[in-house]
2 protein chains.
Amino acid sequence: MLESPTTDRRSARREGTKAEILDAAWALVREHGLAALSLRDLAARVGMRAPSLYQYFESKHAIYDAMFGQAAQESLDAIMGERPDGSTREAIGAVAHRMFDFATSDAVRAQLLFQRTIPGFEPSPATYAPAVELVARVRHLFSDHGIRTDTAFDLFRAVVGGLVNQQLANDPGGDQYGRLVDPSVDMFLAYVSPNKKGKK
Amino acid sequence: MLESPTTDRRSARREGTKAEILDAAWALVREHGLAALSLRDLAARVGMRAPSLYQYFESKHAIYDAMFGQAAQESLDAIMGERPDGSTREAIGAVAHRMFDFATSDAVRAQLLFQRTIPGFEPSPATYAPAVELVARVRHLFSDHGIRTDTAFDLFRAVVGGLVNQQLANDPGGDQYGRLVDPSVDMFLAYVSPNKKGKK
DNA sequence: GTCTATAGTTTGATAGAC
DNA sequence: GTCTATCAAACTATAGAC
């Protein structure tokens with residue numbers, strides 16, 4: 001690759017501006033809702049006019065796609081960036097808590113990641129990749145702890161997802177359902193590996 | 001109340017037209033998505049022009065509100081219209097299945113009922129009432145079967161809601177997660193009333 | 001009770017000057 | 001690379017004729 005210093009600096013600045021636009025987009029959707037993002041508002045917040053955004057993103061959906069990619073990468077880092085160690089109870093409990101905390105700490109991010117609420121938008125395979133990787137890693141962890149059936153794995157995801165749901169729907173911004181994470185993990189483990197019930 | 005036959009007939013016809021409009025609205029949102037409902041399309045489907053709808057509903061949100069009310073009443077009827085009898089396992093299993101089937105059989109209805117995805121819309125207390133009644137009745141049933149803590153009740157709702165979530169998000173229109181309803185109920189009951197584990 | 005006409009916004013996106 | 005100007009379209013809602 002031959003790249004002049006000028007090109008380097010230019011592309012670095014370009015990436016910086018893209019990041020600035022995305023930050024502003026997150027701020028706006030947290031303020032007015034995911035569907036209410038408008039290019040005029042977004043441009044105004046970064047000190048531009050709307051048409052200038054097209055120098056950085058080819059469409060509004062491309063901005064949503066980039067936001068989705070950031071959120072997916074954050075989920076991978078937050079949940080499986082560090083591999084949880086310790087006993088089965090400790091490792092799986094840690095994953096459950098990380099999932100719950102990640103999903104409930106930013107309702108709009110969760111809406112973008114886990115619901116399909118923007119008409120016509122679907123994340124591209126590239127931006128979706130970290131989400132796939134996350135599932136694969138969690139499954140691997142479960143496998144290392146002897147939980148290998150699809151049923152058990154799906155059940156775990158349903159339980160944690162259910163807690164997140166209730167939290168976001170009934171007590172957004174609160175932590176009312178966080179107290180149910182540990183009981184849920186106990187309930188789950190007692191069901192899928194009853195023989196290890198007494199282990200600490 | 002003094003009402004002439006003319007008034008009766010007129011109001012009956014009016015209610016009929018309102019019902020027709022709501023039916024058309026459900027058809028449209030199932031086709032194009034909940035947020036994509038437009039008054040022009042809706043009017044066209046019932047053979048009117050958009051302004052005429054204002055004779056029946058005072059705003060677009062009023063239409064969403066009426067739809068929410070229908071859905072809430074349907075949920076009450078489908079889940080607790082008939083009181084589930086039999087053993088604890090049978091009664092609670094029946095409730096879980098009815099909840100799962102109701103919520104997964106119509107994704108758009110579930111979106112309207114359980115997510116707040118329409119900007120600026122919140123159901124009025126009157127239309128919300130059947131949903132409150134449903135929760136009260138399920139809680140009463142649980143109480144009759146000896147399950148009286150908020151924790152247990154919240155856990156049950158989270159588990160069933162989680163299954164619904166997974167179903168709608170990962171396999172919309174399918175029935176992949178229906179097979180997890182019974183295991184989930186077993187898991188839940190084993191956790192909240194372990195002493196009754198052996199009962200059939 | 002339905003219509004036409006239209007107000008009044010807002011939207012995403014493009015063309016072309018500078 | 002940012003701007004002005006503008007397009008073309010969509011939307012909810014209202015006024016007033018019939």
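Chain letters run A, B, ... following the sequence lines, proteins first and then strands; every chain starts at 1.
- Between A:Glu15 atom CD and D:dG1 atom P there is a gap of 11 Å when expressed in whole angstrom units.
- Mapping A:Pro51 and A:Arg14 onto DNA chain D by nearest heavy atom places A:Arg14 closer to the 5' end of the strand.
- Mapped onto DNA chain D by nearest heavy atom, A:Met48 and A:Arg40 fall at different nucleotides, with A:Met48 at the one closer to the 5' end.
- Rounded to whole angstrom, the span from the CD1 atom of A:Ile63 across to the P atom of C:dG12 amounts to 9 Å.
- Checking C:dA13, D:dA13, D:dT2 against the side-chain heavy atoms of A:Ser59 singles out C:dA13 as nearest.
- Rounded to an integer number of Å, the gap from CD of B:Glu20 to C1' of C:dG1 is 14 Å.
- The CG atom of A:Leu42 sits 13 Å away from the C1' atom of C:dG12 (whole-angstrom rounding).
- In this structure, B:Leu39 atom CG and C:dG8 atom P are separated by 19 Å, rounded to whole Å.
- Contact annotation: the side chain of B:Asp77 approaches that of B:Gln73 to within less than 4.5 Å [non-hydrogen atoms, C-beta and beyond].
- With D:dT2, D:dT12, C:dG1 as the choices, the nucleotide that has an atom nearest any side-chain atom of B:Gln55 turns out to be C:dG1.
- When heavy atoms are screened at a 4.0 angstrom cut-off, A:Ser52 is found touching base atoms of the nucleic acid.
- Interatomic distance, CZ of B:Arg49 versus CZ of B:Arg40, reported as 10.5 Å (0.5 Å rounding).
- Residues B:Val164 and B:Met99 form no side-chain contact, since every pair of their non-hydrogen atoms from C-beta on lies 4.5 Å or further apart.
- Between the CZ atom in A:Phe142 and the OG1 atom in A:Thr88 there is a gap of 10.0 Å [rounded to 0.5 Å].
- Rounded to whole angstrom, the span from the NZ atom of A:Lys18 across to the P atom of D:dG1 amounts to 12 Å.
- Side-chain proximity of B:Tyr54 to the nucleotides D:dC11, D:dT14, C:dG12 is greatest for D:dT14.
- The side chain of B:Tyr56 lies closest to C:dG1, out of C:dG1, D:dT2, C:dT11.
- Between A:Arg49 atom CZ and C:dT14 atom P there is a gap of 20 Å when expressed in whole angstrom units.
- C:dT14 atom P lies 15 Å from atom NZ of A:Lys60, rounded to whole Å.
- For the pair A:Ser193 (side chain) and A:Leu189 (backbone), a donor-acceptor distance under 3.5 Å is present.
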